[in-house]
Amino acid sequence: MARGSTTTHREPDAAESLIGRGARIRGRVHGDGALRVEGSVEGNIQLTGDLEIEDGASVTGDVEASSLVVSGQLTGDVTSRGPVTIRATAQYAGNVGGSEVILEEGAAFAGRIEAEFDLPAELSERTGGRAQSPRRESAGR
Amino acid sequence: MAGTIIGNGLTIEGEITSDEEVIVAGTVRGKLTVEGPLTIDAGALVEADIGAASLQVGGNVTGNVTAADRVDLLAGGRLVGDVKASRLTIADGASFKGNVDMDV
């Protein structure tokens with residue numbers, strides 16, 4: 001549905017939400033504002049704000065957020081409009097789609113990373129004439 | 001620090017269980033089981049059966065409520081459903097519809 005352009009001007013201080021260490025949710029979580037998970041969630045999470053999955057937390061389900069930091073356990077696919085950070089303590093199985101993906105040393109990760117970005121102009125220009133082309137002439141760019 | 005806070009922009013559809021305090025300012029549909037104090041803030045919408053150690057309602061609740069200790073329905077709060085608790089207060093300005101079982 002409406003993405004990107006309309007996300008920021010809903011409620012300026014939609015309070016931050018927290019799912020505490022002793023809490024467990026089974027079902028769908030969605031809405032505005034930021035969310036920090038310290039407990040466990042079984043179900044999909046859809047947020048217009050930022051999502052943080054703390055060390056010791058576990059999330060099983062697909063995740064959509066404006067940015068994501070994973071320090072705990074996550075099983076499911078991620079769609080993020082901003083950066084996805086997978087910290088050293090994270091255990092993550094699933095596919096990541098985001099504009100930027102940071103994978104720290106020590107993190108356990110199984111899945112695909114599909115970061116959408118444009119190559120800097122100087123890179124996309126030069127590849128034709130430089131290192132890559134001598135052997136792969138038909139590659140184009 | 002507080003256990004769980006469901007902020008005013010957030011909606012949870014499903015089952016929530018917690019051993020710690022829970023504060024709801026957003027929307028919850030389903031079931032809410034808390035082994036600690038549960039606060040439903042003004043502006044919150046809860047359509048769920050609730051079990052809690054104690055419950056404070058300042059928002060809008062539809063569902064049956066069981067509290068081990070007490071239920072406080074605050075001014076501006078609205079509760080539609082049956083209440084089972086040993087202590088219950090209903091403030092001036094609160095709305096309530098349902099049965100009360102005080103375990104006598």
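All chains are named by letter (A, B, ...) in the order of the sequence lines, taking the proteins before the strands, and each is independently numbered beginning at 1.
Heavy atoms closer than 4.5 Å to chain B are found nowhere in I45(A), neither backbone nor side chain. Only the backbone of I6(B) comes within contact range of chain A, with at least one heavy atom under 4.5 Å from a heavy atom of that chain.
Among pairs with a residue in residues 88-105 of chain A, those fulfilling salt bridge (charged side-chain N to carboxylate O under 4.0 Å, His left out) read R87(A)-E104(A), at least two apart in sequence or across chains.
Between K97(B) and R78(B) the shortest side-chain heavy-atom distance does not fall below 4.5 Å.
Contact tally against chain A (heavy-atom pairs below 4.5 Å) for E13(B), R29(B), E35(B): the top residue is E13(B). Heavy-atom pairs under 4.5 Å with chain A peak, among V28(B), T17(B), T33(B), D19(B), at T17(B).
Side-chain atoms of S66(A) come within 3.5 Å of backbone N or O of G49(A) as a donor-acceptor pair.
Between E54(A) and R36(A) there is a salt bridge, since a side-chain N of the basic residue sits under 4.0 Å from a carboxylate O of the acidic one.
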